[in-house]
> 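Sharing a structure, written as structure tokens. Questions coming.
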Amino acid sequence: MAGSAIVSMLFVSSSYGATEFWEPLTYYNPATWQKADGYSNGGMFNCTWRANNVSFTSDGHLKLGLTSSAYNVFNCAEYRSVNKYGYGLYEVSMKPAKNTGIVSSFFTYTGPSDGTPWDEIDIEFLGKDTTKVQFNYFTNGIGGHEKVVDLGFDASQGFHTYAFNWQAGSIKWYVDGVLKHTATSTIPTNPGKIMMNIWNGTGVDSWLGAYNGANPLYAEYDWMKYTSN
């Protein structure tokens with residue numbers, strides 16, 4: 001464990017002034033990460049965040065679970081950074097869960113609970129069709145920028161690298177290093193926490209498809225990395 005602690009969080013300042021935050025996601029470090037626990041976002045979220053649904057595999061992956069503790073009662077998982085991060089490149093190696101009615105994600109977020117406007121940048125997998133990925137963002141609570149991209153593979157079958165480069169005038173999303181989408185209007189400005197989650201929806205069947213109660217379901221994350229400007 002001590003050896004893992006040394007490599008699990010690495011900040012490096014380069015000669016170009018960039019700061020790097022690299023996280024192999026091999027174990028829980030409460031100094032840099034938090035597990036959402038004991039509450040629900042409500043609305044379209046049909047589950048309660050549970051710290052116990054955040055775990056780590058024997059081969060060194062973060063594992064977020066969607067489970068059921070009783071009939072029609074669901075528990076989900078959310079993992080978020082303690083610190084906030086601004087403009088720069090955000091990368092993740094992940095494998096989303098596959099099932100209608102659910103979402104697996106990697107995103108940045110800040111909002112009223114942090115004393116800021118709601119700014120968010122998303123990489124989302126709708127479990128109803130994991131051959132596609134959805135990109136989106138919110139600026140001061142205004143979204144509606146969804147872009148669905150065909151991947152050419154089933155994301156639930158293996159780890160791939162997904163990324164977005166957030167700058168003052170643009171957001172560029174990448175899949176395995178290939179640029180897939182660019183946004184240039186009303187770009188978010190407020191630094192946010194790095195977040196990952198899995199959840200099942202309710203009342204949004206036209207978006208996610210109807211959730212059929214299937215569980216347990218898991219999204220896995222191999223590593224993430226942030227590099228500032």
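What you see below is based on every heavy atom in this structure, not just the backbone, and it leaves out hydrogens, waters and symmetry mates. It should be emphasised that the depicted structure is a prediction, and the values quoted were computed from it without experimental measurement.
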> Nearest 0.5 Å, what's the CG-CD distance between Leu208 and Glu124?
8.5 Å
> Do Tyr39 and Thr48 come close enough that some side-chain heavy atom pair is under 4.5 Å?
no
> Between Thr116 and Asp114, do the side chains contain an N or O donor and an N or O acceptor separated by less than 3.5 Å?
no
> Under a 3.5 Å distance rule, please check whether Asp150 uses its side chain to pair with a backbone N or O of Gly152 as donor and acceptor.
no
> Return the orientation label for the Phe125 and Tyr162 ring planes: parallel under 30°, perpendicular over 60°, tilted otherwise.
perpendicular
> List the steps, then state whether side chain to side chain contact (heavy atoms under 4.5 Å, CB included) holds for Met196 with Leu25.
CA-CA 11 Å; Met196 294 159 266; Leu25 299 172; 4.3 Å; yes
> In plain terms, say whether Glu20 and Lys225 are close enough for a salt bridge, that is, a side-chain N and a carboxylate O under 4.0 Å apart.
yes
> Taking Asn136 for the side chain and His145 for the main chain, is one N or O donor matched with an acceptor at less than 3.5 Å?
yes
> Walk me through it: do Leu217 and Ile102 pass the test side chain to side chain contact (heavy atoms under 4.5 Å, CB included)?
CA-CA 9 Å; Leu217 300 169; Ile102 69 166; 3.9 Å; yes
> Nearest 0.5 angstrom please: Gln157 CD to Lys98 NZ, how far?
6.5 Å
> Does any donor atom in the side chain of Asn83 or Ser81 lie under 3.5 Å from an acceptor atom in the other side chain?
no
> Inspect the surroundings of NZ in Lys84 and state if more than 12 heavy atoms from other residues, nucleotides or ligands are less than 6.0 Å away.
yes
> Counting only N and O atoms by type, is there a donor-acceptor contact under 3.5 Å from the side chain of Ser156 to the main-chain atoms of Pro96?
no
> Are the side chains of Asp122 and Glu120 in contact, using a 4.5 Å heavy-atom criterion?
yes
> Does Lys95 qualify as a cation-pi partner of Tyr221, given the criterion of NZ or CZ under 6.0 Å from the six-membered ring centre and within 45 degrees of its axis?
no
> Going from CG on Leu66 to CD1 on Ile198, what distance comes out if it is rounded to the nearest 0.5 angstrom?
5.5 Å
> In the single-linkage hydrophobic clustering (I, L, V, M, F, W, Y; side-chain heavy atoms under 4.5 Å), do Trp166 and Ile142 co-cluster?
no
> Are the side chain of Trp118 and the backbone N or O of Tyr109 linked by a donor-acceptor pair below 3.5 Å?
no
> Does Ile171 share a hydrophobic cluster with Tyr87, counting links as ILVMFWY side-chain heavy atoms below 4.5 Å and allowing steps through other members?
yes
> Please find out if less than 6.0 Å separates the ring center of Trp33 from that of Tyr28.
no
> Sub-3.5 Å donor-acceptor pair from the side chain of Asn212 to the main-chain atoms of Ala214, do we have one?
yes
> Going hydrophobic residue to hydrophobic residue with side-chain gaps under 4.5 angstrom, can you get from Leu126 over to Phe74?
no
> Between Asp119 (side chain) and Asn140 (backbone), is there a donor-acceptor pair under 3.5 Å?
yes
> Determine the interplanar angle of the Tyr90 and Phe164 rings, folded into 0 to 90°, and report it as parallel if under 30°, tilted if 30 to 60°, perpendicular if over 60°.
parallel
> Would you give the length of the straight line joining atom CG of Asn46 to atom CH2 of Trp199, rounded to the nearest 0.5 angstrom?
10.0 Å
> Sub-3.5 Å donor-acceptor pair from the side chain of Ser104 to the main-chain atoms of Ala97, do we have one?
yes
> Can you check whether His160 and Phe153 have ring centres sitting under 6.0 Å from each other?
yes
> Does any part of the side chain of Tyr137, heavy atoms only, come nearer than 4.5 Å to the side chain of Trp173, both counted from C-beta?
yes
> Would a hydrophobic clustering, with Ile, Leu, Val, Met, Phe, Trp and Tyr connected at side-chain separations under 4.5 Å, put Tyr226 with Leu62?
yes
> Is any side-chain heavy atom of Asn190 closer than 4.5 Å to one of Pro117?
yes
> Shared ILVMFWY cluster between Val54 and Phe106, side chains joined below 4.5 angstrom?
yes
> Distance only, no hydrogens: is a donor on one side chain within 3.5 Å (strictly under) of an acceptor on the other, for Ser105 and Asn197?
yes
> Hey, are the side chains of Ser68 and Asn75 touching, using non-hydrogen atoms and a 4.5 Å cut-off?
no
> Between Thr100 (side chain only) and Tyr211 (backbone N and O only), is there a donor and an acceptor less than 3.5 Å apart?
no
> To the nearest 0.5 Å, what is the distance between CG on Asn29 and CD on Glu23?
7.0 Å
> Please step through side chain to side chain contact (heavy atoms under 4.5 Å, CB included) for the pair Thr110 and Lys193, ending with a clear verdict.
CA-CA 6 Å; Thr110 189; Lys193 293 183 177 181; over 6 Å; no
> Going from CD on Glu220 to CG on Asp59, what distance comes out if it is rounded to the nearest 0.5 angstrom?
7.0 Å
> Parallel, tilted or perpendicular: which describes the rings of His181 and Phe135, with under 30° parallel and over 60° perpendicular?
parallel
> Can a side-chain donor-acceptor contact be found between Glu91 and Trp22 if the only test is distance below 3.5 angstrom?
no
